**Q** 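Below is the structure I would like to discuss, written out as structure tokens.
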Amino acid sequence: MTNHSSQSTDLTSLNIAVIGGGLTGLFTATLLERAFNQGQNPQPSCSPHITIFEKSRSVGRLATRYRTDSTTGKNWQWAFGAQFFTAKTAPFQQFIRPWLKTGLLQPWCAQVVTLSPAPVTSDENETLSNIEHKEQWSTQQPRYISTPKMTAWGRVLADELTQTTIKFQTRVAPLAQYTQPEVGNQTELFDDTGTSLGWFDWVICTAPNTQVVELMANSTFERQADITKSRMLACYTLMLGWDKEQPLPKALDNQPMAGWDVAYVKDSILDRVFIEHQKPVHHELLPSVTIHARNDWSEAHVDDDIDTVKAQLLEAAQQLLHWNQSNAPSQIDCHRWRYAATVIDAHDKDNHEGLGALIDRQHRWIVSGDWCGQGNIESCYQMAKEAVTAIVSY
């Protein structure tokens, strides 16, 4: 039997694998490094080694897409993943403070309205969508964005890691696919070609739960049944842009009213509208608007042809924003997120904080991710903290 007390807080000889280079994975590596560096006289030669395995080419969940206008040299830019995040707990507020000081993270005090679409007509004096003021996001409970792009924070987090190696375009095979025995409580990981990725004292999986189900299939992970208590719904994102000299649709032209930055949409397949060029430090952008579809609609159409979906979203957006031939968007794009919103199983809804990190101390396997919490970026931090606490206190 493992003697836990003799290993408590000793991270110096550990080899730790983190599956997934999203924010949960990056936060986990950051907190692991800090846990070691807070020790007495840490030496690089005896520091723990952390390896992040990321199946894509980049890190971070905060996705940004942009295009450059060859005439003006300016960009259209869309935060087509998470638009913003909150920091409601004191530990997370303290965690983000350094990047607030540098200006990488900025509070966004947006004017928020609700929009209800009106029927499209050929009348130039047609009735616009009904716009009602909802609220203004305040400095008391701010929403934060990463500048100049939402991807910037993830990249800075990755660059600031000193004891972590990130291996991109690496897909980790299911843990039960290969039958190599554990050696000294270590787990050998393989990629999807069967090549060994090494032996690890701890394996932390931060992927979406649908992918975790595959990674842990037929394994002896003791929290296996808990993985499916949460599920993730899809989300389609529509990205629209207008040329510099082009008039904007009246619903986006903020001169006739006090102005708005974010709209919650009623009676539509659309859910929210975000005006990108009105965000902090975004004034140099060309007019750019990001629109998220409703999660339930997106999930129902998740396997539909993407061009068909784009056409449906564009029709709904035109009905909402009311453009004609002269002020129609010149830039149109669409993205499908298969894993976007977290839904807790009905039997577990009493647990408002979510499942928490799923820890198997016998195998030293941990499953975490925002879907283990409330499905937001603060949950990424909370799950990373729980995972690191489990390792440090082992």
Side-chain angles (χ1 to χ4, degrees), residues 11 13-33 35-36 47-63 81 151 153-180 182-183 185-221 223-224 227 232 338-339 357-360 363-372 380-381 383-388 390-391:
L11 303 179
S13 61
L14 293 181
N15 198 20
I16 301 169
V18 179
I19 303 174
L23 288 183
T24 305
L26 294 172
F27 290 166
T28 301
T30 299
L31 294 177
L32 279 169
E33 290 192 3
F36 170 75
S47 63
H49 186 70
I50 306 157
T51 305
I52 296 176
F53 297 105
E54 170 53 45
K55 62 183 177 62
S56 68
R57 298 178 181 178
S58 60
V59 294
R61 169 187 172 182
L62 302 178
T151 49
W153 192 24
R155 290 172 180 172
V156 168
L157 283 164
D159 289 342
E160 291 177 348
L161 296 172
T162 59
Q163 287 124 31
T164 301
T165 301
I166 304 178
K167 295 188 176 181
F168 294 105
Q169 295 182 281
T170 303
R171 290 181 176 271
V172 178
L175 272 65
Q177 182 169 336
Y178 301 95
T179 57
Q180 296 290 340
E182 295 177 15
V183 175
N185 275 347
Q186 287 189 322
T187 298
E188 186 176 20
L189 295 181
F190 296 83
D191 67 16
D192 55 359
T193 69
T195 301
S196 176
L197 298 173
W199 290 89
F200 298 92
D201 298 284
W202 286 89
V203 176
I204 307 170
C205 183
T206 68
N209 69 330
T210 303
Q211 296 174 10
V212 175
V213 169
E214 297 175 0
L215 284 165
M216 293 296 180
N218 301 317
S219 74
T220 53
F221 181 56
R223 301 293 301 275
Q224 185 82 27
I227 297 174
M232 301 188 78
R338 285 191 174 271
Y339 313 111
L358 309 179
I359 302 167
D360 182 336
H363 293 91
R364 298 190 196 176
W365 296 344
I366 299 175
V367 168
S368 66
D370 61 348
W371 59 271
C372 293
C380 296
Y381 170 80
M383 296 308 106
K385 187 177 178 182
E386 288 185 19
V388 172
I391 293 173

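Since the model is a prediction, treat every value here as computed from it, not as a measurement.
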**Q** Hey, what do you get for OG1 (Thr30) to CD (Gln163), rounding to the nearest 0.5 Å?
**A**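 Answer for the OG1-CD pair, Thr30 versus Gln163, is 11.0 Å.
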**Q** What are the two closest heavy atoms between Cys372 and Ala357, and how far apart are they?
**A** CB-N, 4.5 Å
**Q** I need the Glu160 CD to Leu26 CG distance, nearest 0.5 Å.
**A** 10.5 Å
**Q** Between Asp360 and Thr220, which heavy-atom pair has the shortest distance, and what is it?
**A** OD2-O, 3.7 Å
**Q** How far apart are the closest heavy atoms of Gly25 and Val18, and which atoms are they?
**A**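 It is CA-CG1, 3.7 Å.
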**Q** Are Ile366 and Ile391 packed together at the side-chain level, in the sense that at least one heavy-atom pair is separated by less than 4.5 angstrom?
**A** yes
**Q** Test Ile50 against Trp202 for side chain to side chain contact (heavy atoms under 4.5 Å, CB included), laying out the working first.
**A** CA-CA 10 Å; Ile50 306 157; Trp202 286 89; over 6 Å; no
**Q** Which residues pass the ring pair (Phe, Tyr, Trp, His ring centres under 6.0 Å) test with Trp153, not counting sequence neighbours?
**A**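 With neighbours one apart ignored, the set is Phe27, Phe85, Trp99.
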**Q** Listed by chain and number, what are the side chain to side chain donor-acceptor pair (under 3.5 Å) partners of Ser196, not counting sequence neighbours?
**A** Glu188
**Q** So, using side chain to side chain donor-acceptor pair (under 3.5 Å) as the criterion, who are the partners of Thr162 when residues are at least two apart?
**A**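 Listed in chain order: Glu33.
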**Q** Can you tell me how far apart SG (Cys380) and NZ (Lys385) are? Round to the nearest 0.5 Å.
**A** 15.0 Å
**Q** Holding to side chain to side chain contact (heavy atoms under 4.5 Å, CB included), I want the full list of residues that pass it with Thr151, two or more places apart in sequence or in another chain.
**A**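 Per chain and number, Thr151 pairs via side chain to side chain contact (heavy atoms under 4.5 Å, CB included) with Thr64, Lys149, Arg155.
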**Q** Just by distance, with hydrogens left out, do Thr187 and His363 show a side-chain donor and acceptor under 3.5 Å apart?
**A** no
**Q** Give a yes or no on whether the backbone of Phe168 and the side-chain of Thr170 come within a donor-acceptor separation of less than 3.5 Å.
**A** yes
**Q** Tell me every residue that passes side chain to side chain donor-acceptor pair (under 3.5 Å) with Ser56, counting only those two or more places apart in sequence or in another chain.
**A** Glu54
**Q** Considering all heavy atoms of both residues, which atom of Ile52 and which atom of Ala29 are nearest to each other, and what is their separation?
**A**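 Heavy atoms only, the tightest pair is CD1-CB, 4.0 Å.
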**Q** Would you say the side chain of Trp371 lies within less than 4.5 Å of the side chain of Val212, judging by non-hydrogen atoms?
**A**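 Yes. Closest side-chain heavy atoms under 4.5 Å.
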**Q** Find the distance between CG (Leu197) and OG1 (Thr51) and round it off to the nearest 0.5 Å.
**A**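 Spacing of CG (Leu197) from OG1 (Thr51) equals 9.0 Å.
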**Q** What's the separation between atom CG in Asp370 and atom OG1 in Thr206, rounded to the nearest 0.5 Å?
**A** 9.5 Å
**Q** Distance-only, no hydrogens or angles: does the Trp365 side chain make a donor-acceptor pair with backbone N or O of Leu358 under 3.5 Å?
**A** no
**Q** Does any N or O in the side chain of Asp201 come within less than 3.5 Å of the main-chain N or O of Ile16, such that one atom is a donor and the other an acceptor?
**A** no
**Q** Taking Asn185 for its side chain and Arg364 for its backbone only, find out whether a donor-acceptor pair lies under 3.5 Å.
**A**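 Here the side-chain-to-backbone pair does not exist.
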**Q** Once ring pair (Phe, Tyr, Trp, His ring centres under 6.0 Å) is applied, do any residues pair with Phe200, and if so which ones, sequence neighbours excluded?
**A**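 Listed in chain order: Phe53.
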**Q** Identify the two heavy atoms, one from Val59 and one from Ala158, that lie closest to each other, and give their separation to 0.1 Å.
**A** CG2-CB, 4.0 Å
**Q** If you compare all heavy atoms of Ser368 against all heavy atoms of Thr24, which two are closest, and at what distance to 0.1 Å?
**A**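 Where Ser368 meets Thr24 most closely, the heavy atoms are OG-CG2, 3.7 Å.
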**Q** To the closest 0.5 Å, what do you measure between CG (Leu175) and CD1 (Ile19)?
**A** 6.0 Å
**Q** For Val367 and Arg223, what are the C-alpha separation, side-chain angles and deciding distance, and is it a side chain to side chain contact (heavy atoms under 4.5 Å, CB included)?
**A** CA-CA 9 Å; Val367 168; Arg223 301 293 301 275; over 6 Å; no
